[in-house]
Amino acid sequence: MNNQSKKMELLGSASIPKALLSMGIPTMIGMLVNAFYNLVDAYFVGGLGESQMGAISVVYPLGQVVVGLGLLFGNGAASYISRLLGRGDKENANKVASTALYSSVSVGAVIIIISMVFLHPILKLLGATDSILPFAATYASVYIVSCIFNVFNVTMNNIVTSEGAAKTTMCALLTGAVLNIALDPLFIYVFDLGVAGAAIATAISQVVSTCVYQIYILRKKSVFHFRVKDCTYTKETMSEIFKIGIPTLVFQILTSVSISLINNAAGDYGDSAIAGMGVVTRLISMGSLSVFGFIKGFQPIAGYSYGAKKFDRLREAIKTSILWSTVFCVIFGVILALFPAAIVSRFTKGDAEMIRIGAASLRANGISIMLFGFYTVYSSLFLALGKGREGFILGACRQGICFIPVILLLPIVWGLNGIMYAQPIADVLSAIITVFMAIPLHKKLNEMQKQTAAISTNNN
């Protein structure tokens, strides 16, 4: 069996535990290490001072918006590709992959140029105080430009995973992350470049990850060819990409908006508050990105099974993914809830106020993240099945529909506590909404399974 046949066998007929382990664990490890190097970034920058720590917290959401373009085309294409492969339509799947890759890089370049032209106003909008702004501008001037490589990497991450090559994604993420961890102290302290050194280390790691994907393409390991001439902008192709990609992009933008709202609200309480909440954001991201990584492996299995009308397989994949992701979230959440002060203190020289604020928020977030696996499976499932409207609504809940009203209103009546507990409250509300959206989905899948069985019986 050749490499491409093994990928299709993994998506379509391997046992669900084997398929999820083969697809989900590599991407989970890659995303976990990727999140870890963001944490290491914060650890080393935290040694420079609270203003520098606040600077990378302010720039972080801007980078997430740029990277969201990779998710717009990458995640949108990945859902469609998985369903096309499930139907056996490799030719159109190849065209979709090429269209997504070249489109994301082109649009990403335009957005990066615009961001650099209006950098200072954008940073102020994101919550940069007068003391943080110089460091934020220095960090962003390198980091945002390097995001063009990250746009490429994120797009390839989704496309490569959709064809069943999760180990390649893990390798690309792992290589870049390990390199970043090694380069951070070198550029920040040894070369005495401060926050600029952190940005340079990140940029180099992104370039290396891009090289890993390029090697994968050039060695013709992929099912796809990624040629400009294969790009197609038909109504059907762009509709399928955008109906899944736009909800994903909106989710990414809402994530950035939520971080910006936290930064702006925390700004009233000083740089220590911004730095403390920034640490919490990165710690929670470590857990959430790990779950996202695992669910990246679940999505192509769900999309392929749905396209091939294998509803029993789809149902088993859903149940197993909820169980495994929830177990991880509970373990991760318990650790954060039990040792918040000890964890946050690792990211400061000894700022007691930063530790106090960060620890209180981290404890609450540690409890609420236990619900994250359940919520993420369904928000990703709707997109994998091509149900863009439902995926949009559910995906927008945690960082938008539920979070924004809470972060705008709660600090007014509860002060700093309102900032610290805004995300946990939004998490609980999102989980409740998920239950009410999951029930009709399963009813619909049961009906489709009965119809498919009836057609099969009549044909026989």
Side-chain angles (χ1 to χ4, degrees), residues 35 39 42 57 60-61 64 127 251 254-269 272-292 322 325-344 347 353-379 393-437:
L39 210 56
S57 299
Y60 184 71
Q64 292 304 293
F251 166 77
L254 287 174
T255 300
S256 297
V257 169
S258 69
I259 296 172
S260 300
L261 289 171
I262 290 173
N263 288 337
N264 277 286
D268 293 336
Y269 300 90
S272 293
I274 295 176
M277 294 305 298
V279 169
V280 172
T281 296
R282 287 174 181 258
L283 286 165
I284 294 300
S285 291
M286 188 172 181
S288 61
L289 285 174
S290 299
V291 175
F292 277 131
I322 291 173
S325 59
T326 299
V327 168
F328 172 85
C329 287
V330 168
I331 294 172
F332 182 74
V334 166
I335 294 172
L336 297 185
L338 290 180
F339 310 105
I343 294 171
V344 174
F347 299 89
E353 184 67 359
M354 175 183 165
I355 295 172
R356 183 186 72 81
I357 294 170
S361 179
L362 188 60
R363 182 180 293 109
N365 276 274
I367 295 171
S368 67
I369 201 173
M370 296 179 191
L371 303 169
F372 187 73
F374 170 73
Y375 163 78
T376 306
V377 168
Y378 279 101
S379 63
I393 294 171
L394 195 53
C397 278
R398 184 174 182 265
Q399 302 291 352
I401 296 171
C402 296
F403 179 82
I404 291 177
V406 173
I407 191 62
L408 290 177
L409 296 175
L410 205 58
I412 296 174
V413 298
W414 204 10
L416 183 58
N417 286 329
I419 302 170
M420 294 189 291
Y421 295 105
Q423 188 62 70
I425 291 171
D427 287 346
V428 173
L429 294 174
S430 298
I432 294 171
I433 293 172
T434 301
V435 172
F436 286 100
M437 292 188 69

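From a predicted model like this one, the values you see are computed outputs, not experimental measurements.
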Taking all heavy atoms of [X] and all of [Y], pick out the closest pair and write down the distance.
X: Ser57; Y: Gly278; answer: OG-CA, 3.4 Å
X: Pro61; Y: Ser256; answer: O-OG, 2.6 Å
X: Ala422; Y: Phe403; answer: CB-CE1, 3.9 Å
X: Val377; Y: Ser325; answer: CG2-OG, 3.8 Å
X: Met370; Y: Val330; answer: CG-CA, 3.8 Å
X: Val291; Y: Cys329; answer: CG2-SG, 3.5 Å

Partners of Tyr375 by side-chain contact (heavy atoms from CB on, under 4.5 Å), sequence neighbours excluded? Phe372, Ser379, Leu394, Cys397, Arg398, Ser430, Thr434

Taking only residues two or more places apart in sequence or in another chain, which ones pass side-chain contact (heavy atoms from CB on, under 4.5 Å) with Asn417?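 For Asn417 the side-chain contact (heavy atoms from CB on, under 4.5 Å) partners, ignoring immediate neighbours, are Trp414, Met420, Tyr421.
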
Please round to the nearest 0.5 Å and tell me the distance separating atom [atom1] of [X] and atom [atom2] of [Y].
X: Ser260; Y: Leu254; atom1: OG; atom2: CG; result: 11.0 Å
X: Met277; Y: Leu416; atom1: CE; atom2: CG; result: 8.0 Å
X: Thr281; Y: Met286; atom1: OG1; atom2: CE; result: 15.0 Å
X: Thr376; Y: Ile322; atom1: OG1; atom2: CD1; result: 10.5 Å
X: Arg363; Y: Asn365; atom1: CZ; atom2: CG; result: 11.5 Å

Of Leu362, Leu336, Ile357, Ile262, the residue whose pairing with Val280 passes side chain to side chain contact (heavy atoms under 4.5 Å, CB included):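 Single pass found, and it is Leu362.
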
Quickly, which of Val428, Asp427, Leu429 forms a side chain to side chain contact (heavy atoms under 4.5 Å, CB included) with Ile425? Name it, please. Leu429

Counting C-beta onward and ignoring hydrogens, is there a side-chain heavy-atom pair between Tyr60 and Arg282 closer than 4.5 Å?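 A side-chain contact under 4.5 Å exists here.
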
With the side chain counted from C-beta on, respond yes when Ser258 and Ile407 share a heavy-atom pair under 4.5 Å apart, and no when they do not.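 Heavy-atom side-chain distance check fails, nothing below 4.5 Å.
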
Using the rule given for side chain to side chain contact (heavy atoms under 4.5 Å, CB included), can you reason through Ile433 versus Cys402, listing the C-alpha separation, both sets of side-chain angles and the distance that settles it, and then say yes or no? CA-CA 10 Å; Ile433 293 172; Cys402 296; 3.7 Å; yes

Intermediate values then yes/no, side chain to side chain contact (heavy atoms under 4.5 Å, CB included), Leu371 and Phe374: CA-CA 6 Å; Leu371 303 169; Phe374 170 73; 5.8 Å; no

Going through the distances and angles, do Gln423 and Ile284 end up as a side chain to side chain contact (heavy atoms under 4.5 Å, CB included)? CA-CA 10 Å; Gln423 188 62 70; Ile284 294 300; 6.0 Å; no

Test side chain to side chain contact (heavy atoms under 4.5 Å, CB included) on Glu353 and Tyr269; report intermediate values, then the result. CA-CA 10 Å; Glu353 184 67 359; Tyr269 300 90; over 6 Å; no

